[in-house]
Amino acid sequence: MTNKDLEQPLAGKLEDLPELKAFSLGEGVVKRIVFGPERFFDDYVVRFFTLPPNRMISEHQHEWPHYLITLEGHGQVIIEGVTWDLPEKSWAFVPPDVSHSYGNASDKPFRFLCIVPWFGDPDGKRARARLERTKRE
């Protein structure tokens, strides 16, 4: 652990983390970074998402995997056309390079953790670049 790590809180509530822009995911989606480059986990980004009721994220694919852990509410993930139900305290794995979407088909907020490699998140990319720059200096 470095002195820089000790400058940050080492524990806290998920809802107290700063809200980040998630416009590409739709109106009302809230994103927070739990762990990632510059926050104790240099290779991955652990994101805490809240999807408002009846919000579905458009189908897409990319070269990195997703690891999902549901916390509250009821969601679903659609992987290659197969719908997987995600009640509270569920998990899902989305392999790289497959078509997928996810969302909240209920009338209550859906909260979950989504873990991706640092290069799979725009905030993770920026944090990783800052971290690399600091290491070079």
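What you see below is based on every heavy atom in this structure, not just the backbone, and it leaves out hydrogens, waters and symmetry mates.
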Legend entry - Smallest separation among heavy atoms of Pro117 and Pro65, with atom names: CD-O, 3.7 Å
Inset, instruction - Apply ring-ring contact (aromatic ring centres under 6.0 Å, His included) to Phe110 and Phe49, showing your working. - result: CA-CA 8 Å; Phe110 175 48; Phe49 283 106; over 10 Å; no
Inset, instruction - Taking the side chain as every heavy atom from C-beta outward, state whether Ile33 and Leu17 have any pair of such atoms under 4.5 Å apart. - result: no
Inset, instruction - Provide the full list of side chain to side chain donor-acceptor pair (under 3.5 Å) pairs with a residue in residues 66-79, sequence neighbours left out, each pair given once. - result: His62-His66, His66-His100, Glu72-Arg111, His74-Asp85
Legend entry - Any donor-acceptor pair under 3.5 Å from Asp123 side chain to Ala127 backbone: no
Legend entry - Partners meeting side chain to side chain donor-acceptor pair (under 3.5 Å) with Glu19 (sequence neighbours left out): Arg32
Inset, instruction - Taking the side chain as every heavy atom from C-beta outward, state whether Trp91 and Leu68 have any atom pair closer than 4.5 Å. - result: no
Legend entry - Worked verdict on Arg136 versus Glu132 for salt bridge (charged side-chain N to carboxylate O under 4.0 Å, His left out): CA-CA 6 Å; Arg136 287 192 304 268; Glu132 294 298 321; 5.1 Å; no
Legend entry - Over all atoms of both residues, closest heavy-atom pair of Leu25 and Arg55: O-CD, 4.1 Å
Legend entry - Closest non-hydrogen atom pair, Pro52 against Gly28: CD-O, 3.5 Å
Inset, instruction - Among Lys31, Arg39, Arg126, find the one that has a salt bridge (charged side-chain N to carboxylate O under 4.0 Å, His left out) with Asp121. - result: Lys31
Legend entry - Side chains of Tyr44 and Trp118 in contact at under 4.5 Å (non-hydrogen atoms): no
